[in-house]
Amino acid sequence: MASHPTPRVIRAYSLPVAQFDHLKAFQRYRQLTINRAGESRDVTNSEALACIVRHHELISTVAGLHNLMPDEFASALYLGDLKVSRP
């Protein structure tokens, strides 16, 4: 059995089809990235979902710095009302 560096929680959950499709597309993207890097391992649903949750955590932190809720921040980025630039 593989050991994990951090404790894991196993939960059953359901997603609307559109969000599940997004998860699977992200999983395939991560798999391509790993394959291109020369790694030979499979990206699981759990890994893809954990990565998406981590991205949400980071966006939530930045949104809070701008006194916005994460959904407001993401909408502003999407609509072009908030511009992002590299430091």
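The figures here come from the full heavy-atom set of this structure, side chains too, leaving out hydrogens, waters and symmetry mates. Quick note: residue numbers are just sequence positions, from 1.
- Minimum interatomic distance between L82 and L77 (heavy atoms only, all atoms of both residues): O-CD2, 3.6 Å.
- Summarising the geometry, atom NE2 belonging to H56 is positioned 12.0 Å from atom CG belonging to L49; distances are rounded to the nearest 0.5 Å.
- When hydrophobic clusters are built by joining Ile, Leu, Val, Met, Phe, Trp and Tyr residues whose side-chain heavy atoms come closer than 4.5 Å, directly or via intermediates, L15 is grouped together with I52.
- The minimum heavy-atom distance between V43 and A48, with the atom names listed, is CG1-N, 4.4 Å.
- Ring geometry, F26 versus H55: the interplanar angle exceeds 60°, so the pair is classed perpendicular (tilted spans 30 to 60°).
- Contact annotation: the side chain of I34 approaches that of E47 to within less than 4.5 Å [non-hydrogen atoms, C-beta and beyond].
- The cluster map of Ile, Leu, Val, Met, Phe, Trp and Tyr, joined by side-chain heavy atoms under 4.5 Å apart, puts V53 and V9 in different clusters.
- What you find for K24 and Q27 is that their closest heavy atoms are NZ-OE1, 2.8 Å.
- Between V62 and F73, the shortest heavy-atom distance links the atoms CG1-CZ, 3.5 Å.
- Residues passing the salt bridge (charged side-chain N to carboxylate O under 4.0 Å, His left out) test with R28, sequence neighbours excluded: none.
- With rounding to the nearest 0.5 angstrom, the CG atom of N35 is 9.5 Å from the CZ atom of R41.
- Scanning both residues, P70 and S60, for their nearest heavy atoms gives CG-OG, 3.2 Å.
- Hydrophobic side-chain contacts under 4.5 Å tie L58 to no other Ile, Leu, Val, Met, Phe, Trp or Tyr residue.
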